Protein chains: 2
Amino acid sequence: MKFSDLFREHGTVEHYTKGQHIFKQGDKNENLYFIQSGFLKAYYLSSEGKEQVKSFISPNSVMASLLSCYANGVCSFSLASLEPATVIKLPFSYLLQQSQQDLALANQLQNLLLELAMKKEKREYEFLCLPAEQRYLQLQNDTPELFTKATQNDIAHYLGITNVALSRIKKRVNVNNSQL
Amino acid sequence: MKFSDLFREHGTVEHYTKGQHIFKQGDKNENLYFIQSGFLKAYYLSSEGKEQVKSFISPNSVMASLLSCYANGVCSFSLASLEPATVIKLPFSYLLQQSQQDLALANQLQNLLLELAMKKEKREYEFLCLPAEQRYLQLQNDTPELFTKATQNDIAHYLGITNVALSRIKKRVNVNNSQL
DNA sequence: CTCCATCATTAACCTGGGTTAACAAAACAA
DNA sequence: TTGTTTTGTTAACCCAGGTTAATGATGGAG
């Protein structure tokens, strides 16, 4: 059994409009989502109403709240659509249950988790070791297409700064570049 | 087959003295380490010689460089012993290979990776959403024993700040507490 | 085209944390 | 005990980024 088969045979297709939520912080949502098309934003909302962006999600990747799926908690973040999106929903427990009987599936899930862990380690490294300006440059380098899809406000909050600070950084960077 | 059996039957026991390195940034090291006793520090070293602490590792947990083990790269951080330590070393490839034939083992590895992913997500959240002072308070709350084992310098660099800043935070926190 | 909303830029002011350096306090070895 | 090294505190100064708010720019909706 393959991952994609599982989604095809046991998943539910869902459509979301721009701005619509797939789940919200505090919800119980135990599904894994495969993104077929669209562009999503996962974000935290503080009690003072400030938003910080956990990640952007592109087509052909999967997304879920591990806390809700696996650790018996509620979603610690919200997942919203930034453009019309089509996703396939699959109960995480069903995947886990199948992977306990299917070696190929278990190994595929393993790979997915290893990739996830490495991605998160990279982000940890960037927050720990790089100043905001370098995080910005690295993001430009790694995912330039992001800058055409997300607003500067969302990108700033992904970098852990405000839109005002990002505007300043862009200015600094441009001045330096034109001075070369 | 269980995880612990694999380490017992196919692992190599190693002893490290205080200050000794298990591997260094830039090394190729494709092993998974199970910590039996001791206390380790994983850290990044910048080109200017500044250190940032990725994590502290306690007994009964496992540690590895995923980049080196799984992504065919070199270690992006160093792993050193903060006190005399005993670890069991196991080639990661051997674990992967075994897990491709052993469903129970694959599922155990899955759980380990899910726990890791959640831990990293928590740290991502803290860097993204909490100021240094709150990260400090949360750390005190989550792992108070850390403050008896690690120096303030290492703790500061784990929090992403300098020892000077941590000293100031401690002072602020104490003043506020005694004012209650 | 005009109105309104969203998004980006800029300025003024403030604050937390970095840097450097001096000093104090432990920890340890000789 | 005494000298040496490591660790923690404090002060002075600087700067990146936060906050607030005003101003521009862009972009549908009607």
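Reminder, nothing fancy here: chain letters follow the sequence lines and each chain counts from 1. As the structure is a prediction and not an experimental result, all values here were calculated from the model.
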Q: Got a second to check how far C75(A)'s SG is from H21(A)'s NE2, nearest 0.5 Å?
A: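 Rounded to the nearest 0.5 Å, the SG-NE2 separation comes out at 11.0 Å.
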Q: Counting only heavy atoms not in K24(A), do more than 12 sit closer than 6.0 Å to its NZ atom?
A: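 Atom NZ in K24(A) is not crowded, with 12 or fewer foreign heavy atoms closer than 6.0 Å.
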Q: Let me see the working for Y125(B) and E121(B) under side chain to side chain donor-acceptor pair (under 3.5 Å), right down to the final yes or no.
A: CA-CA 6 Å; Y125(B) 167 77; E121(B) 282 202 3; over 6 Å; no
Q: Taking only residues two or more places apart in sequence or in another chain, which ones pass ring pair (Phe, Tyr, Trp, His ring centres under 6.0 Å) with Y16(B)?
A: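 Ring pair (Phe, Tyr, Trp, His ring centres under 6.0 Å) check on Y16(B) returns nothing, list empty.
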Q: What is the first contacted nucleotide of DNA chain C and what is the last, in 5' to 3' order, if contact means an atom lying under 4.0 angstrom from a heavy atom of chain A?
A: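 Here the contact window of chain A covers dC7(C) to dA12(C).
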Q: I'd like to compare against my own output: the B/S/- annotation of nucleotides 18-30 of chain D with a strict under-4.0 Å heavy-atom distance to protein.
A: BBB----------
Q: Which whole-number value in Å describes the distance from I155(B) CD1 to dT9(D) P?
A: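 Whole-Å distance recorded here is 11 Å.
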Q: R172(B) CZ to dA11(D) P: how many Å, rounded?
A: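 Going from CZ in R172(B) over to P in dA11(D) covers 15 Å.
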Q: Between dT9(D) atom C1' and Q152(B) atom CD, what is the distance in whole Å?
A: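 In whole Å, dT9(D) C1' and Q152(B) CD are 9 Å from each other.
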Q: For K18(B) and for P131(B), locate the closest nucleotide of DNA chain C by heavy-atom distance; then report the residue assigned to the nucleotide nearer the 5' terminus.
A: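 This one resolves to P131(B).
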Q: Expressed in angstrom and rounded to an integer, what is the separation of L159(A) atom CG from dA16(D) atom C1'?
A: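 So the two atoms are 15 Å apart, to the nearest Å.
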Q: The criterion is ring pair (Phe, Tyr, Trp, His ring centres under 6.0 Å); which residues satisfy it with H15(B), sequence neighbours excluded?
A: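 Applying ring pair (Phe, Tyr, Trp, His ring centres under 6.0 Å) to H15(B) gives none.
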Q: Applying a 3.5 angstrom cut-off to the pairing atoms, does DNA chain C sit in any stems of at least three consecutive Watson-Crick or G-U pairs? List them by first number.
A: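 The stems that DNA chain C takes part in, listed by first number, are C:1-22 with D:9-30, C:24-30 with D:1-7.
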Q: Rounded to whole angstrom units, what separation is found between the CD atom of Q134(A) and the P atom of dA16(D)?
A: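 The distance from CD of Q134(A) to P of dA16(D) comes to 13 Å, rounded to the nearest Å.
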Q: To the nearest 0.5 Å, what is the distance between OG (S81(B)) and NZ (K18(B))?
A: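 Reported to 0.5 Å precision, the distance equals 9.5 Å.
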Q: dG17(D) P sits how many Å from N153(A) CG, rounded?
A: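 Distance check: N153(A) CG to dG17(D) P gives 17 Å.
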Q: Tell me, which pairs form a ring pair (Phe, Tyr, Trp, His ring centres under 6.0 Å) where one or both residues lie in residues 61-93 of chain A, sequence neighbours left out?
A: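 Only F23(A)-F77(A) qualify under ring pair (Phe, Tyr, Trp, His ring centres under 6.0 Å).
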Q: Please step through salt bridge (charged side-chain N to carboxylate O under 4.0 Å, His left out) for the pair K41(A) and E51(A), ending with a clear verdict.
A: CA-CA 11 Å; K41(A) 171 176 82 166; E51(A) 185 179 317; 2.6 Å; yes
Q: With a sphere of 6.0 Å drawn around CG of D142(B), does it hold more than 12 non-hydrogen atoms of other residues, nucleotides or ligands?
A: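 Result for CG/D142(B): enclosed.
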Q: Hydrogens and angles aside, do Y94(B) and H10(B) bring a side-chain donor and acceptor to less than 3.5 Å of each other?
A: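 There is such a pair (donor and acceptor under 3.5 Å, judged by atom type) between the side chains of Y94(B) and H10(B).
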Q: Within the 4.0 Å heavy-atom criterion, would you say T151(B) contacts the bases, only the backbone, or no part of the nucleic acid?
A: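 Answer is sugar-phosphate: T151(B) comes under 4.0 Å of backbone atoms only.
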Q: Look at K170(B) and dG8(D) and indicate whether a side-chain polar atom (N or O) is within less than 4.0 Å of OP1 or OP2.
A: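 No, outside the criterion.
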Q: May I ask you to decide if Y43(B)'s main-chain N or O and Q52(B)'s side chain share a donor-acceptor pair within less than 3.5 Å?
A: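 A pair under 3.5 Å: no.
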